[in-house]
Every structure is written in C-alpha cells, then in structure tokens.
Protein chains: 2
Amino acid sequence: MNVVTLCLGILALGDASGYEIKKRFDGPLRRIQEPSFGSIYPALNRLTREGLVTCTVQAQDKRPDKKVYSITAEGRAHLKAELQKSLPGPDKVHSDFLVTMLFQEMLSPAFVAAAVDERIAFYRDLMTTLDCPAGQQSAAKDFVCGYGVAVCRAAIDYLEAYRRDLPAPEPAADPAAGQKERGVLVNPQAMEI
Amino acid sequence: MNVVTLCLGILALGDASGYEIKKRFDGPLRRIQEPSFGSIYPALNRLTREGLVTCTVQAQDKRPDKKVYSITAEGRAHLKAELQKSLPGPDKVHSDFLVTMLFQEMLSPAFVAAAVDERIAFYRDLMTTLDCPAGQQSAAKDFVCGYGVAVCRAAIDYLEAYRRDLPAPEPAADPAAGQKERGVLVNPQAMEI
DNA sequence: TCTCGCATGTAACGTGTTACATGATTCC
DNA sequence: GGAATCATGTAACACGTTACATGCGAGA
C-alpha cells in the first residue's frame, strides 16, 4: 500500500489538504502507516495530474492558503479497483522489540525487563487511545480500532505474564517503562553492559 | 532495525552463509522481517570489511562453494551496544488488510467477507506453524513465538466474531479463503464491483 | 524573543526490492 | 527436458524519510 493510494483513500472519506492528511496519521492510525510531507505532497500532485482528485485553493484568514483536495468519480473508481485487485497480502510487522527479544540472551536482564515494561506501558496507553471511540464513528473505523484493541490486550496479557517470570524486577529500570514512545531519558550505559 | 544488524544478530546465534540466513527468514520469522539476497550479501560484505564477522570459504561436494560467516568478539560487542543503545521503538504494522477494511464501505460485501475469511485462514495456519516448537527451542525464540501465537489467537477471535455479524455469508467467496498467502485464484472482477 | 502551529514544497539521501547473470545438480 | 535447489553477486529501480527553504501569526 503506497502513499498515493493511501491519500486517495483518505480523500474518499472526505476532502482534505495535505497538511490535514498528515494530521490524520498522527492519531491511532499512525500505527498502520505514517507518511511524511515529503511523500504526501508529491502524491497529491500526482493524483491531481491523473485526474483522480481536484484541487481548490482556499484563502484563509491569518493563515497560509490551503489546497483542499476532493476525490473525483474516476478517483473513487480507481480506488475501488485498486483495493479489490486482489485480496490484501499478509501484514508486515517490522518489530524492533521482537528482534531485540530474540537476541535477549546477550543483553542485560535489566535492559530486557525495562524493554518489556516500556512495551506494556506503551500498549496500555495505545489501548485507551483506541478504545474511546465506540459506536459514534463509522463502522469501518470501529472495526479497525477494535482489531487494534484486541491485539493490544493480547500483547499486554502475554507480556505481563512473561514479566512476572523475569528474574530481576529491577526497580531502577522503572522510570524508562513510564516513558511515552521512545524517550531516551534513561541512559542504557548506566545499567550494566 | 536494518539488514546489517539483523545479519549480525543471526550470526550471533550461530555461523551461517548468506543463503542460510535468507532461509531462516522463510520460516515464522518472515512475519517480522524478510530480507532479500540483494540486501543480505552486501550486508555481509560490509560486516566483513568492518571486522565484525569473519568469512571462510567452504568447498562442498556437488554443490557450489559456500561462504560461512562467523561473528567476532568485536561483532558481538557491537551488536550488544547496538541493541541496548535505546529501548526498541514502537512496532510498525504496515497492514494492507486493515487499510482495506478501513475503506470497506466502498467495497463489495463479498470481497470484504472473502478478505476476512482469507485472513482467518491465514492466521490459523500461522498459529500452527508458530505453536509447534514448545520448550525445545531457546527461551528467546519461545518468547517470540509465544507472542506471535497470542496475537494470532486474539486476531482470529476478533475476526471470527466480526465474520458472524457480516451480512452475506457468500459461499462463492470461500475458495479464496482457503488460499495460502496471496493467491489470485479467485478473480475479484467476478464478484460484483 | 523565540518557539510552536499552520501550510506547501523540493532535493538529497538511505535502504531495500526486483531483475539479471552464472552454473552445477537433483528431482519429477 | 524442465523446474527447483543450492550458491553468490551486481545494477537499476522504487519508495520513502530527512533536511532544507519559506513565511505569517499566536502565545510563552
């Protein structure tokens, strides 16, 4: 799934500017895909060239001009065809966490424990983000969010069970576990290489 | 996590040739990462240049020569440092399935049902692949496989519950659901665009 | 003042895939 | 006879990210 198709899909759900498309992927959707401006703007220009979307410049008060894109009938047809071309291929997970855990035998137990703690905290946080929109959203978004919640819960349960079996509870590593995203507040050098 | 670090990690688990490294990612690990020859061979050459691995050419009977790589002490130290540099960042899911489902409102119900069926079959198959190695493997691999199984099970449960609520059971779409990976046996054009 | 948010865009760069090139052996 | 497996490697290509360029307004 490339950025061009993704932008076309977002525009099928409603008009938006490049900046707004980017913002949509700052929410829970960022877990699935997180395109940058450097790929979104060229994608929108290409879609416009191909007649799949139209662009209207909107002057704004005390804000820069905005280029609002709308999907055309051809764009809608193209998206349908693109999505139904074949059944979606298998997901790619691309997990640095799992790779790290695969090599955990050569890492310090404190680091492994901190990584697991951080991951539990991360998924707990993600689950609350995903869980709030119940019913009021579109059925499609509910499905995708629900899928995320189900997978999160399973991951948390599994990680918590594993955490209990871990040798050292290591209270010194806990500050790292509370961090959002990928903070580097805890110096890994400090915890026994 | 780039291919270079990944190769170094595999070599930390035991000597291997480029071809053998590739084969390791044909198994269940392929869900996490699936590097190609075009990235593995240059990676091994770079690791050799940097002194992180050594290479010995092994002549074989009735088979082409094999270049077996071994990790050096510096390589091991480098890998440790690389993995413990910072806590692993959040996973990237990259799911064409979820994107497709996000736009399901504009797709034919038959296609959506077929996609869900295929995904259930896929995860069932994956779970059996992941589930078999219990205990005999390394603890690290057990953890990673167990994680995969837990997530698979949650996904299957969620998808099956969703499938039951789906309007049309559509028996014509079932052949697609039985396919492995991403077969194109069923012509999507045939099922009402 | 200085940073942040809004808003668009380009160019360089990194990284990985696909396709090609080569060649013996084994299985159907 | 043809495909598949073993085995390594390179070059072209696709795709996306990062950094840079620009500029105004609002709030700390």
Side-chain angles (χ1 to χ4, degrees), chain A residues 1-8 10-11 15-27 29-49 53 55-69 82 89-90 92-96 99 182, chain B residues 1-8 10-11 15-27 29-30 32-50 53 55-69 82 89-90 92-96 99 182:
Chain A
M1 189 74 59
N2 55 6
V3 179
V4 179
T5 312
L6 209 62
C7 287
L8 193 58
I10 296 295
L11 293 176
D15 295 359
S17 67
Y19 193 84
E20 285 162 355
I21 290 174
K22 173 79 160 60
K23 271 200 304 180
R24 296 225 188 167
F25 288 99
D26 286 344
L29 253 58
R30 114 190 76 94
R31 301 237 56 232
I32 301 180
Q33 206 104 29
E34 209 183 349
S36 61
F37 287 127
S39 55
I40 289 174
Y41 287 121
L44 290 172
N45 288 329
R46 194 180 129 185
L47 286 170
T48 309
R49 268 203 315 277
V53 302
C55 173
T56 36
V57 179
Q58 226 174 64
Q60 289 185 121
D61 193 40
K62 305 190 175 176
R63 280 223 162 57
D65 286 3
K66 200 200 257 189
K67 286 173 128 185
V68 177
Y69 294 88
E82 187 71 21
K92 291 270 148 66
V93 177
H94 228 295
S95 169
D96 280 10
V99 173
R182 37 153 65 243
Chain B
M1 187 75 59
N2 56 5
V3 179
V4 179
T5 312
L6 209 64
C7 287
L8 192 59
I10 295 294
L11 293 175
D15 294 357
S17 65
Y19 193 84
E20 285 161 356
I21 290 174
K22 174 78 159 61
K23 272 200 301 179
R24 297 225 188 167
F25 289 98
D26 285 346
L29 255 56
R30 113 190 75 96
I32 301 180
Q33 206 106 26
E34 208 182 349
S36 62
F37 287 126
S39 54
I40 289 173
Y41 286 123
L44 290 171
N45 288 330
R46 192 180 131 185
L47 286 169
T48 309
R49 268 202 316 277
E50 291 171 358
V53 304
C55 172
T56 37
V57 178
Q58 226 175 63
Q60 289 184 119
D61 194 38
K62 304 191 177 177
R63 279 220 163 59
D65 286 5
K66 200 199 259 188
K67 286 172 129 184
V68 178
Y69 294 88
E82 185 73 21
K92 290 269 147 66
V93 177
H94 228 295
S95 169
D96 279 11
V99 174
R182 40 155 61 244

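What you are looking at is a predicted structure, and each value in this text was computed from that prediction instead of being measured. Each chain gets a letter, A, B and so on, in the order the sequences are listed, and its residues count up from 1.
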**Student:** From CZ of A/F25 over to C1' of D/dT17, roughly how many Å is that when rounded to an integer?
**Tutor:** 16 Å
**Student:** Grab the CD-P distance between B/Q60 and D/dA7 for me, whole Å please.
**Tutor:** 4 Å
**Student:** Nearest to the side chain of A/S36 - D/dT17, D/dT8, C/dG5?
**Tutor:** D/dT17
**Student:** Return the value, rounded to whole Å, for the distance between atom NZ of A/K22 and atom P of D/dT18.
**Tutor:** 10 Å
**Student:** Between D/dG9 atom P and B/I40 atom CD1, what is the distance in whole Å?
**Tutor:** 12 Å
**Student:** Between B/R30 and B/D26, is there a donor-acceptor pair closer than 3.5 Å when you use the side chain of the first and the backbone of the second?
**Tutor:** yes
**Student:** Go through C/dA7, D/dG16, C/dG16 for me and flag the one nearest to the B/N2 side chain.
**Tutor:** C/dG16
**Student:** C/dT10 P sits how many Å from A/N45 CG, rounded?
**Tutor:** 6 Å
**Student:** Quick check: on DNA chain D, is the nucleotide nearest B/Y41 upstream (toward 5') of the one nearest A/K62, or the reverse? Name the residue that is more 5'.
**Tutor:** B/Y41
**Student:** With side chain to side chain contact (heavy atoms under 4.5 Å, CB included) as the test, pick out the partner of B/Y69 among B/L47, B/D15, B/V53, B/T56.
**Tutor:** B/V53
**Student:** Can you tell me how far apart CZ (B/R24) and CG (B/L6) are? Round to the nearest 0.5 Å.
**Tutor:** 11.0 Å
**Student:** What is the distance, to the nearest angstrom, from the CG atom on B/D65 to the C1' atom on D/dA7?
**Tutor:** 9 Å
**Student:** Which comes earlier along DNA chain C counting from the 5' end, the contact point of B/V4 or that of B/R63, where each point is its nearest nucleotide?
**Tutor:** B/V4
**Student:** Where the side chain of A/P42 is concerned, which of D/dT8, C/dT10, C/dT8 is the nearest nucleotide?
**Tutor:** C/dT10
**Student:** Would you please test A/N2 and A/T5 for side chain to side chain donor-acceptor pair (under 3.5 Å) and show each step?
**Tutor:** CA-CA 6 Å; A/N2 55 6; A/T5 312; 2.6 Å; yes
**Student:** Where the side chain of B/K23 is defined as all heavy atoms beyond and including C-beta, which of D/dC6, C/dG9, C/dA7 is the nearest nucleotide?
**Tutor:** D/dC6
**Student:** Rounding to an integer number of Å, can you tell me how far B/R46 CZ sits from D/dG9 C1'?
**Tutor:** 18 Å
**Student:** Hey, does the Lys NZ or Arg CZ of A/K66 hover above the aromatic six-ring of A/Y19, less than 6.0 Å from the centre and inside 45° of the axis?
**Tutor:** no
**Student:** I want to confirm an ordering. Mapping A/V3 and A/P64 to their closest nucleotides on DNA chain D, which one lands closer to the 5' end?
**Tutor:** A/V3
**Student:** At under 4.0 Å between heavy atoms, what does A/E34 touch on the DNA or RNA strands: base, sugar-phosphate, or nothing?
**Tutor:** sugar-phosphate
**Student:** Could you tell me the separation between the CG atom of B/D61 and the P atom of D/dA7, rounded to a whole number of Å?
**Tutor:** 12 Å
**Student:** Does D/dC15 have its OP1 or OP2 closer than 4.0 Å to a side-chain nitrogen or oxygen of A/S39?
**Tutor:** no
